[in-house]
Amino acid sequence: MTTIERQFAQTVREHKSTIYTVCYMFSKDADEVSDLFQEVLVNLWKGFEGFEHRSDIKTWIYRVALNTCISLDRKKRRRSAEVRLTMDINLFEDRDEDTRQVDLLHKRISKLQPFDRAIVLLWLENLSYEEIGQIVGITAKNVSVRLFRIREQLKQMSND
C-alpha cells in the first residue's frame with residue numbers, strides 16, 4: 001500500500017461517520033445509503049491528491065459528500081419512477097414515541113430542496129454558521145437567513 005493510500009484510508013476511518021451522516025440524510029434505504037457512501041468515497045479518492053489543505057479536511061469531506069449526494073439525488077428525481085418491492089411491515093422496527101418523532105422529522109426534512117437539506121444536516125451536526133457557509137459556499141449571514149426560512153417551511157409542513 002502506498003503512502004497516499006494509507007493516508008486516504010486513515011482519513012476515511014476518521015471521518016466515516018460524517019460521510020455516513022450525509023448519505024443517510026439523502027436516503028433511509030440501507031442499500032441506497034451504501035451506494036451513496038461508495039460514490040462519495042470514489043469522489044474523495046479522485047480529489048484526495050489534489051486537496052491543497054486551504055480548508056479543514058472535514059470541511060472538504062462535507063463539501064464532496066454533499067455535492068455527490070445532491071447530484072445523485074437530482075439524477076434520481078429525473079429518472080422515471082421505479083417500482084420497488086418492499087414489505088409493508090418491519091417486525092423489528094421500534095415504534096416508541098421518540099422513534100416516531102425522528103421519522104416524522106426525517107420525512108419533513110427529506111421534502112426540502114437538496115441545498116436546504118444540506119444546511120439542516122450541517123446545523124444538526126452542530127457546526128457554526130461560518131463552517132456551514134464555508135462548506136456550502138455562502139456567507140454566515142445567508143446561512144442564518146436560510147435556516148430561519150427552513151424552520152418556517154418545517155413549521156408549515158406540521159400544519160399540513
Side-chain angles (χ1 to χ4, degrees), residues 8 10-48 50-79 81-82 84 93-94 96-160:
F8 181 75
Q10 180 61 32
T11 300
V12 169
R13 274 192 296 278
E14 290 172 4
H15 298 282
K16 70 180 175 184
S17 65
T18 298
I19 300 166
Y20 181 77
T21 301
V22 172
C23 295
Y24 182 76
M25 184 57 77
F26 284 85
S27 179
K28 262 188 119 172
D29 178 71
D31 291 335
E32 191 172 24
V33 170
S34 291
D35 291 345
L36 288 171
F37 189 88
Q38 288 177 3
E39 197 65 34
V40 170
L41 290 181
V42 167
N43 289 335
L44 287 170
W45 175 249
K46 286 178 182 176
F48 192 70
F51 177 63
E52 298 174 353
H53 298 281
R54 284 187 267 165
S55 65
D56 183 60
I57 188 81
K58 190 170 184 175
T59 300
W60 178 73
I61 289 170
Y62 266 122
R63 180 169 273 173
V64 170
L66 286 168
N67 286 339
T68 301
C69 290
I70 287 170
S71 292
L72 292 174
D73 186 65
R74 285 181 183 148
K75 286 178 187 176
K76 181 176 78 173
R77 290 176 192 262
R78 280 188 225 136
R79 278 188 264 144
E82 295 177 7
R84 294 190 106 173
E93 193 171 291
D94 195 358
D96 66 1
E97 185 60 27
D98 289 341
T99 303
R100 282 194 287 272
Q101 289 294 321
V102 169
D103 285 344
L104 181 62
L105 181 61
H106 188 271
K107 285 177 187 168
R108 288 181 184 164
I109 290 171
S110 69
K111 291 179 183 177
L112 296 172
Q113 293 298 313
F115 190 75
D116 290 340
R117 266 189 277 165
I119 291 173
V120 169
L121 165 72
L122 297 170
W123 180 76
L124 289 172
E125 289 285 312
N126 292 319
L127 295 177
S128 70
Y129 288 5
E130 291 78 20
E131 291 172 307
I132 295 170
Q134 285 177 346
I135 292 168
V136 298
I138 60 177
T139 65
K141 179 67 177 163
N142 201 340
V143 170
S144 172
V145 170
R146 288 191 81 106
L147 278 170
F148 176 80
R149 290 180 182 160
I150 291 166
R151 284 186 203 110
E152 293 303 310
Q153 278 184 282
L154 293 172
K155 285 179 192 174
Q156 287 297 322
M157 287 180 202
S158 69
N159 295 333
D160 295 342

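As the structure is a prediction and not an experimental result, all values here were calculated from the model.
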Please list, chain by chain and in numerical order, all residues satisfying salt bridge (charged side-chain N to carboxylate O under 4.0 Å, His left out) with Arg63, sequence neighbours excluded. none
Residue pairs passing the ring pair (Phe, Tyr, Trp, His ring centres under 6.0 Å) test where at least one lies in residues 107-143, sequence neighbours excluded: none
Could you pull out the closest heavy-atom pair between Leu154 and Ile109, with the gap in Å? CD2-N, 4.2 Å
For Lys58, enumerate each residue passing the side-chain contact (heavy atoms from CB on, under 4.5 Å) test, keeping only those at least two apart in sequence or located in another chain. His15, Thr18, Asp56, Tyr62
Applied to residues 125-138, the salt bridge (charged side-chain N to carboxylate O under 4.0 Å, His left out) test, sequence neighbours excluded, yields none
So which heavy atom on Pro114 is nearest to which on Asp73, and how close? CG-OD2, 3.6 Å
Exercise: do Gln10 and Glu14 side chains pair donor with acceptor under 3.5 Å: yes
When you look at Leu121 and Leu66, which way does the side-chain contact (heavy atoms from CB on, under 4.5 Å) test go after all the steps? CA-CA 10 Å; Leu121 165 72; Leu66 286 168; 3.9 Å; yes
Residue list, salt bridge (charged side-chain N to carboxylate O under 4.0 Å, His left out) with Arg54, at least two apart or on another chain: Glu52
CG of Leu72 to CZ of Arg74: how many Å apart, nearest 0.5 Å? 11.0 Å
Ile132 versus Ser128: any side-chain heavy-atom pair under 4.5 Å? no
Is Thr11 close to Leu44 at the side-chain level, that is, under 4.5 Å between some pair of heavy atoms? no
Who pairs with Tyr24 by ring-ring contact (aromatic ring centres under 6.0 Å, His included), at least two apart in sequence or on another chain? His106
Tell me, please, which residues at least two apart from Arg108 pass salt bridge (charged side-chain N to carboxylate O under 4.0 Å, His left out). none
Side chains of Leu112 and Met157 in contact at under 4.5 Å (non-hydrogen atoms): yes
Check whether any side-chain heavy atom of Asn43 sits under 4.5 Å from a side-chain heavy atom of Asn67, and report yes or no. no
Sequence-distant partners of Gln153, side-chain hydrogen bond (donor to acceptor under 3.5 Å, both in side chains), two or more places apart: none
Euclidean distance, Ile119 CD1 relative to Gln113 CD, rounded to 0.5 Å: 11.5 Å
Under 3.5 Å donor-acceptor, Thr59 side chain and Ser55 backbone: no
Counting only pairs under 3.5 Å, give me each side-chain donor-acceptor contact of residues 34-41, with atom names and distances, residues two or more places apart or in other chains.
{"residue": "Ser34", "atom": "OG", "partner": "Ala30", "partner atom": "O", "Å": "3.2"}

Salt bridge (charged side-chain N to carboxylate O under 4.0 Å, His left out) contacts in which one or both residues fall within residues 132-149, not counting sequence neighbours: Asp116-Arg146
Mind checking ring-ring contact (aromatic ring centres under 6.0 Å, His included) for Phe51 and listing every partner two or more places apart, or none if nothing turns up? His53, Trp60
Roughly how far apart are Leu127 CG and Gln134 CD, rounded to 0.5 Å? 10.0 Å
Mind checking the CD-SG spacing from Glu32 to Cys69? Nearest 0.5 Å is all I need. 9.5 Å
For Ser27 versus Val33, what's the shortest heavy-atom pair and its separation? O-CG2, 3.1 Å
With Ser110, which residues qualify under side-chain contact (heavy atoms from CB on, under 4.5 Å), at least two apart? none
Answer yes or no: is there a side-chain heavy-atom contact under 4.5 Å between Arg117 and Ile70? no
